[in-house]
Every structure is written in C-alpha cells, then in structure tokens.
Amino acid sequence: MAARDIEYFDNVEDLDNESKYLVHKAKEATANSYSPYSKFQVGSALILEDGTVVSGANQENASYPLCMCAERVALYAAASQYPQKKISKIAVVAHKRNHKELTPATSCGACAQVMLEFETRQKTPIQVVMFGPKDKWMKCARVALLLPFGFDKNSLG
Ligand code: THU
C-alpha cells in the first residue's frame, strides 16, 4: 500500500481546505440526526465533482434493523438528486448526544460496501475522511482501501 493511500493527521486543521469544509458540513448535519435509541449522532457530507455538497444524518427507527447510517442517507440523496454527477469525497463524523466533542467513528461495513458500489459505478475514486481510532483524522484515497474484498457485480455473472 502506497504511503499516501491513507493519510493520518493529528488535527483537523491539517486537512486540506475541501476536507475541512466537508467535516464542518458533516458536523452541522449531526444536528439532524434522529437517534433516540443509540443517542449517537452521526453526520456525513459529500462533495460532487461540480462542488455541490450533499449531507445526511443517521435516522433511527423503533424497529432497530431499519436504522439508516448518515453516509447512506447522504449517498442515496446525492444519487437521487444529482444522478449524473460523480462524488469526489465524503466525510463522516460522530458525537454522543449532549457531547460537543467528536468521538472516533469509522464507517461501518455496510456503508463501505455502498460507497464501493458508487466508486465502481462512477469509475473514479471517492476519498473518505473520518475521525478514526486514537483521535487521528484519516483521509483515504479511495473506498476500495476500506473494503478490499467488497462484493461486486462480477460475482453475479
Ligand atoms: N451509524 C452511522 O450513521 N454510520 C456508521 O458508519 C456507523 C453507525 C449510526 C447508525 C446508528 O443510528 C448509530 O450510528 C449507532 O450505531
């Protein structure tokens, strides 16, 4: 794996400007989290090739398996509203309810799988920015790095 495939930063200020902006929008989106069960507020913001930003927050349900992650809310909103535009980058952040400071949270496997489908479909990489373990900001050059053995349409024949 090349050194620049996944970059780690101690401070959010060390990220590039676009990533910082997406982190800011993702933080804003946490305010729209509906998470009465987990009390874990997640926000995601992605940027399209033309600079349009689409955000999402996790939406929970009393029937727990129906809960939807922030990343997939943002991704499916983008696909529904801007189907022709490629996604360049997605950021995700999380904090516990009534806590201002972010808590490390990397995207779940289901979201990585969905991101992978978007990346494969558009044939260009999607960068992923997350606040990861040990309080390090992570910038991944493409989704495939998060899920090297993801399922894809080739298996379907
Ligand atoms: N969650 C996300 O929004 N994104 C992830 O990648 C992992 C988990 C949400 C789902 C649920 O509402 C809450 O966090 C606790 O799992």
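Read the numbers this way: they start at 1 and go in the same order the structure lists the ligands and their atoms. Only a predicted model underlies this, so the values are computations on that prediction, with no experimental measurement involved.
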Report summary line: Nearest heavy-atom contact between V114 and L75 is CG1-CD1, 4.0 Å

Requested in this report: Carefully, step by step, assess S55 and E28 under the rule side-chain hydrogen bond (donor to acceptor under 3.5 Å, both in side chains).
Outcome: CA-CA 9 Å; S55 60; E28 267 185 3; over 6 Å; no

Report summary line: Here the pair of heavy atoms bringing M130 nearest to T106 is SD-CA, 3.7 Å

Query raised in the report: What does the list of residues with a heavy atom under 4.0 Å from ligand 1 look like, ordered by chain and number?
Result: S38, F40, V42, N58, E60, C69, A70, E71, S107, C108

Query - CA sep, side-chain torsions, deciding dist, call: K96, F40, side chain to side chain contact (heavy atoms under 4.5 Å, CB included) - result: CA-CA 5 Å; K96 293 171 187 148; F40 194 69; 4.1 Å; yes

Requested in this report: Determine whether more than 12 heavy atoms belonging to other residues, nucleotides or ligands lie under 6.0 Å from atom CD of E117.
Outcome: no

Query raised in the report: Is the closest side-chain heavy-atom distance between Y21 and V53 below 4.5 Å?
Result: yes

